[in-house]
Colleague: 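Please read through the structure below; I'll follow up with questions.
Proteins come first, then strands; the chains are lettered A, B, ... in the order of their sequence lines, and each starts at number 1. The figures that follow rest on heavy atoms only: side chains count, while hydrogens, waters and symmetry mates do not.
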Amino acid sequence: MRQIHAQDIAAIVKELCVKANFELPADVRAALQAAYHREEQASRQVLDDLLQNATIAAEREAALCQDTGMVVAFVELGQAVQIVGGLLTDAINEGVRQAYREQPFRHSIVQDPLFRTNTGDNTPAVVHLRLVEGEKCKITVAPKGFGSENMSRVYMLNPAQGWEGVEERVLATVQEAGPNPCPPLIVGIGLGGTMEKAVLLAKEALFRPLGESNPDPRYAALEASLLQAINASGIGPGGIGGRTTALAVHINSYPTHIAGLPLAINLQCHSCRHQTAVL
Amino acid sequence: MQHRLTTPLLPTIRKELTAGDTCLLSGEIYTARDAAHARLVAAIERGEELPLSLQDALVYYVGPCRPAPGRVIGAAGPTTSGRVDVYTPTLLRLGLAGTIGKGKRSPEVKAAMLAHGAVYFAATGGAGALLARSVVASELLLYPDLGTEAVYRLLVKDLPLLVAIDCQGNDIYELGPQRYRDK
């Protein structure tokens, strides 16, 4: 059995938090660049601002966005790994704490949703753990901004509503959100499972590399047609009108109950920050 | 059309702005977001005198990051304006010239803007590092216990903005998407 020390997990989480907040992933940057060429006038200016912003942030003058997010950590832990020297969750929070104290990042987390005192170090993170085969530990860290999180939605559809019902709710969600979630968006959709499973599927869909479709060709086709419909809304970059309301639609699905069609729509702003490392 | 604007932003200047125009703003502006708005409006409702003048002033909805060493401010992009819609008409009644943020405003805010000749500017959401470059000085003014949500007085130079809703009620978040819908 391989041992991984909690300190090493904290150190890597810290590194990932820092990198995520300063460096826009290359696939997101490329997608914004491609959108820049599709747009004109004011909406092109928005994309120009975002591309310049990524360059300035990479030089570490400032974080990509002042909303340095609530940290979501996805951990794929090999079953043959034993974590020693502390708890996994504590180690992740320690990494977050160090990153957000040492770097010029905003502390956006309050201790309680009703009794709102800032925790002062951006902890705790939201941790999702999955046990997998092997003796590695893969960690993805994603600082999630709340402009887009606030506009995300969950629906428990009737199976009779089918794809039409899904499409209608996704389009309504994007339309209602308008400029608020900072388009161009990445639209993560979770279909199936139970309510919480659908939400998790939607969140994970945000971290699929841009340009990669669902491996099931039926879903790949649905993703493409939904992207087209979303972009026909005209909302555009910054919501001020344009051709690019979303950069991608990613659907993740899971078996579900005969009586249900759970749908989660997790909107992600263009500042799609996530970094992964394997220990 | 592009405008060079300075604060205080007088009514005569406000009237010349049209939704969709770009602006470079210089001068002093105040920051405030959710928690600061709640306190300001509570103070106004108690009849207290505010320690800042809102007459022809601009409020920027921002909760900036702390500055990196040697810098004035950290990332300083706009937050979603709609969350403070419930407070905005009160501030407009006290002479506020306008607001800076991102995203849609409520019908109540739009009506109050029309009544008071106020303007709503959009800054590019998610361009916090870029926008921070236009902030040349920052001074903590009110509610230090609120941290990033405290009220700061910022001195800005050539802050790039878009007129989102003008004094006549034209709204770029409606007009802009209409031009592109189903095309």
Side-chain angles (χ1 to χ4, degrees), chain A residues 21-22 41-43 45-68 103-108 116 118 120 145-148 150-151 175-183 231-243 245 269-271, chain B residues 19-22 33-35 38 62-83 101-105 122-133 135 145-149 160 162-164 171-183:
Chain A
N21 278 300
F22 284 125
Q41 299 170 351
S43 55
Q45 182 59 48
V46 170
L47 293 165
D48 188 50
D49 286 353
L50 299 179
L51 291 163
Q52 275 191 57
N53 187 67
T55 303
I56 296 166
E59 288 162 1
R60 307 214 164 181
E61 275 187 32
L64 280 158
C65 179
Q66 72 290 336
D67 186 354
T68 46
Q103 297 295 329
F105 299 159
R106 195 174 79 185
H107 303 152
S108 307
R116 303 178 74 88
N118 199 298
F146 259 53
S148 54
N150 277 340
M151 305 315 291
Q175 190 64 49
E176 188 198 348
N180 293 15
C182 286
N231 285 334
S233 68
I235 294 167
I240 60 169
R243 300 183 177 95
T245 302
C269 64
H270 54 72
S271 201
Chain B
D21 287 354
T22 54
R33 43 173 294 153
D34 312 50
V62 59
C65 286
R66 287 168 295 134
R71 303 208 171 267
V72 172
I73 200 167
T79 193
T80 306
S81 310
R83 287 198 318 274
K102 68 162 170 99
K104 293 181 281 193
R105 305 311 304 256
T124 299
L130 175 76
L131 292 164
R133 281 191 165 181
V135 180
D145 60 299
L146 292 182
T148 185
E149 293 208 67
L162 186 77
V163 178
D171 184 346
I172 195 68
Y173 293 124
E174 288 169 9
L175 300 173
Q178 270 166 25
R179 273 205 298 275
Y180 285 92
R181 196 162 294 150
D182 298 318
K183 280 183 189 157

Colleague: How close do A:Ala62 and B:Ala75 get, counting heavy atoms only, and between which atoms?
Modeller: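 It is CB-N, 3.7 Å.
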Colleague: Measure distances from A:Ala177 to the heavy atoms of chain B and classify the residue's part below 4.5 Å as side chain, backbone, both or neither.
Modeller: backbone
Colleague: Taking all atoms of both residues into account, what is the closest heavy-atom pair of A:Gln66 and B:Pro78, and its distance?
Modeller: NE2-O, 3.4 Å
Colleague: Could you look at B:Ile73 and say if it's the side chain, the backbone, both or neither that has a heavy atom under 4.5 Å from chain A?
Modeller: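 It is neither, since no heavy atom gets under 4.5 Å.
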Colleague: Could you check whether any side-chain N or O of A:His107 sits under 3.5 Å from a backbone N or O of B:Thr148, counting only pairs where one atom can act as donor and the other as acceptor?
Modeller: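 Checked: no pair found.
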Colleague: Measuring heavy-atom distances to chain B, does A:Asp67 have an atom under 4.5 Å in its side chain, in its backbone, in both, or in neither?
Modeller: neither
Colleague: Would you say B:Thr124 and A:Leu50 make side-chain contact, with heavy atoms under 4.5 Å?
Modeller: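 In short, these two side chains touch, coming nearer than 4.5 Å.
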Colleague: Name the region of B:Pro69, side chain, backbone, both or neither, that has any atom closer than 4.5 Å to a heavy atom of chain A.
Modeller: neither
Colleague: Can you name the nearest heavy-atom pair linking B:Gly125 to A:His270, along with the distance?
Modeller: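 Residues B:Gly125 and A:His270, closest heavy atoms: O-NE2, 2.9 Å.
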Colleague: Sub-3.5 Å donor-acceptor pair from the side chain of B:Arg66 to the main-chain atoms of A:Phe105, do we have one?
Modeller: yes
Colleague: So for B:Ala68, is it side chain, backbone, both, or neither that comes closer than 4.5 Å to the heavy atoms of chain A?
Modeller: both
Colleague: Could you work out, with salt bridge (Lys or Arg N to Asp or Glu O under 4.0 Å) as the rule, every residue matching A:Arg116, not counting sequence neighbours?
Modeller: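 Partners of A:Arg116 by the salt bridge (Lys or Arg N to Asp or Glu O under 4.0 Å) criterion come out as none, since no residue qualifies.
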Colleague: Can you check whether A:Gly241's main-chain N or O pairs, donor with acceptor, with B:Arg179's side chain at less than 3.5 Å?
Modeller: no
Colleague: Which heavy atom of A:Gly239 sits nearest a heavy atom of B:Pro177, and at what distance?
Modeller: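 Smallest interatomic distance, heavy atoms only, reads O-CG, 3.7 Å.
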Colleague: Which heavy atom of A:Cys65 sits nearest a heavy atom of B:Cys65, and at what distance?
Modeller: O-SG, 4.1 Å
Colleague: Would you name the heavy atoms of B:Lys104 and A:Gln175 that are closest together and state the gap between them?
Modeller: NZ-O, 3.8 Å
Colleague: Select one option (side chain, backbone, both, neither) describing which atoms of A:Thr68 are under 4.5 Å from chain B's heavy atoms.
Modeller: side chain
Colleague: Heavy-atom cut-off 4.5 Å, strictly under: side chain, backbone, both or neither for A:Gln45 against chain B?
Modeller: neither
Colleague: By a 4.5 Å heavy-atom criterion (distance strictly below it), what part of A:Asn180 contacts chain B: side chain, backbone, both, or neither?
Modeller: both
Colleague: Looking only at heavy atoms and a cut-off of under 4.5 Å, which of B:Ala132, B:Ala35, B:Pro64, B:Gly74 has the most pairs with chain A?
Modeller: B:Pro64
Colleague: Would a distance-only check, ignoring hydrogens and angles, find a side-chain to backbone donor-acceptor pair under 3.5 Å from A:Asn53 to B:Gly126?
Modeller: yes
Colleague: For B:Tyr173, which residues count as a ring pair (Phe, Tyr, Trp, His ring centres under 6.0 Å) partner, sequence neighbours excluded?
Modeller: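 If we apply the ring pair (Phe, Tyr, Trp, His ring centres under 6.0 Å) test to B:Tyr173, skipping adjacent residues, there are no hits.
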Colleague: Non-hydrogen atoms of chain B under 4.5 Å away: do they reach the side chain of A:Ile240, the backbone, both or neither?
Modeller: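 Contact with chain B is through both the backbone and side chain of A:Ile240.
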